[in-house]
Amino acid sequence: TNFVSNVSHEMRSPLTVLTGYLEMFSDNAPKDENSFKLGINNMYQQAMRMQRLVTDLLALSKMETAPIEHKQKVDVATLLLTLKENAEVLGKEKHQTITLESDKKLKLRGNIDELHSLFANLINNAVRYTQENGNIKIKWKKKGDEAVFSVKDDGPGIAAQHIPHLTERFYRADIDRSRESGGTGLGLAIVKYAIERHDGRLAISSSLDKGSTFSCYFPAQRIS
Ligand code: ADP
């Protein structure tokens, strides 16, 4: 019940903006081109927001119903190379430095789409929340028996009281920053789900004004 009411709430505000503009335009179309363009641009942003929300909801629901993949061998290093390039495009106006260190031989047994979504969410969060000229370090390596994926940023950090709640659906430590950067509030819920389905665990360490590190540990039986 809570989930349905949260989704409805998330959908309502972009819909209010869209219907507001549509009513205004159908009653009285703006004469000057700039107001018209501004309206269209706002409607586009809100429609995109709903689209992201639906995409994330579908990703969550797929993971709730699909069987867990054990056999597929995922080349994580190659996947991360693509995600790093995507992140550079996403954050090109922020002039951030993104580095990637990967153990190319370290492969993970699992579902490539879920792992893609897991790694992409953490990397994209680092890009979205970190300020201009910030640094983001992505690593994929072995530590003891486990395989570890980590993303470290020197962004705003997260206050300690929020950390235990971050993976709850629609929980946001900073609502304005989340909305401004196009967040749905579902990214870390997807991350947690995907990690659990790969028998792994998520560790978050963060301090305000210093930055955050999100690490995913996968057990030996998932490594190949
Ligand atoms: P959102 O779509 O709002 O980013 P997420 O589930 O991905 O939702 O993240 C939940 C919240 O955790 C965010 O709203 C933000 O407050 C915080 N957060 C996530 N990643 C970072 C980060 N790298 N730096 C600072 N805050 C972060």
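This structure is a prediction, so every number in the text was calculated from the model and none was measured. When a ligand or atom number is given, it counts from 1 through the structure's own listing order.
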Is any NZ, NE, NH1 or NH2 atom of the basic residue among E146 and K142 found under 4.0 Å from an Asp or Glu carboxylate oxygen of the other?
-> no

Is it true that G155 lies under 4.0 Å from ligand 1, counting heavy atoms only?
-> no

Can the ring centres of F25 and F36 be said to be less than 6.0 Å apart?
-> yes

Heavy-atom nearest neighbour of atom 20 (N) of ligand 1 within options N125, L122, V151 | N125

Heavy atom of D153 under 4.0 Å from ligand 1?
-> yes

Under 4.0 Å to a heavy atom of A173 - the qualifying atoms of ligand 1, by number = 14 (O), 16 (O)

What about G187: any of its N or O atoms under 3.5 Å from an N or O on ligand 1?
-> yes

Looking only at protein heavy atoms, what sits closest to atom 8 (O) of ligand 1 is G185 CA, 3.3 Å

Whether Q96 side chain and V127 backbone form a donor-acceptor pair below 3.5 Å | yes

Among D176, D174, L166, D56, closest by heavy atom to atom 12 (O) of ligand 1 is L166

Show the numbers, then the answer: is there a salt bridge (Lys or Arg N to Asp or Glu O under 4.0 Å) between R172 and E10?
-> CA-CA 13 Å; R172 291 158 168 119; E10 294 290 333; 2.9 Å; yes

Short question: side chain of T19, backbone of T16 - any donor-acceptor pair under 3.5 Å?
-> yes

Heavy-atom proximity to atom 27 (C) of ligand 1, best of I175, T130, I158, D154 | I158

Considering the heavy atoms of R172, write down every atom of ligand 1 situated less than 4.0 Å from one of them.
-> 3 (O), 14 (O)

Kindly say whether G157 contributes a backbone atom to a donor-acceptor pair with the side chain of S206 at under 3.5 angstrom?
-> no

Taking the six-membered ring of F3 (Phe, Tyr or Trp), confirm whether the NZ or CZ of R169 is under 6.0 Å from its centre and within 45° of its axis.
-> yes

When you check the gap from the basic side-chain N to the acidic O, do K84 and E88 get nearer than 4.0 Å?
-> yes

Numbered in order shown, the ligand 1 atoms found under 4.0 Å of a heavy atom of F214 are 20 (N), 23 (N)

Enumerate the atoms of ligand 1 whose separation from the nearest heavy atom of T184 is less than 4.0 angstrom.
-> 2 (O)

Would you indicate which of Y171, Y129, F170 comes nearest to atom 15 (C) of ligand 1 when only heavy atoms are counted?
-> Y129

Does even one non-hydrogen atom of R128 get within less than 4.0 Å of ligand 1?
-> yes

Which heavy atom of the protein is the closest neighbour of atom 3 (O) of ligand 1, given with residue, atom name and distance?
-> S178 OG, 2.5 Å

Geometric class of the F119/F218 ring pair [parallel <30°, tilted 30-60°, perpendicular >60°] | perpendicular

Purely on distance, is any nitrogen or oxygen of L188 under 3.5 Å from one on ligand 1?
-> yes

Under 4.0 Å from any heavy atom of S212, which atoms of ligand 1 are there?
-> 24 (N)

Shared hydrophobic cluster, F170 / I158 (ILVMFWY, side-chain heavy atoms < 4.5 Å) = no

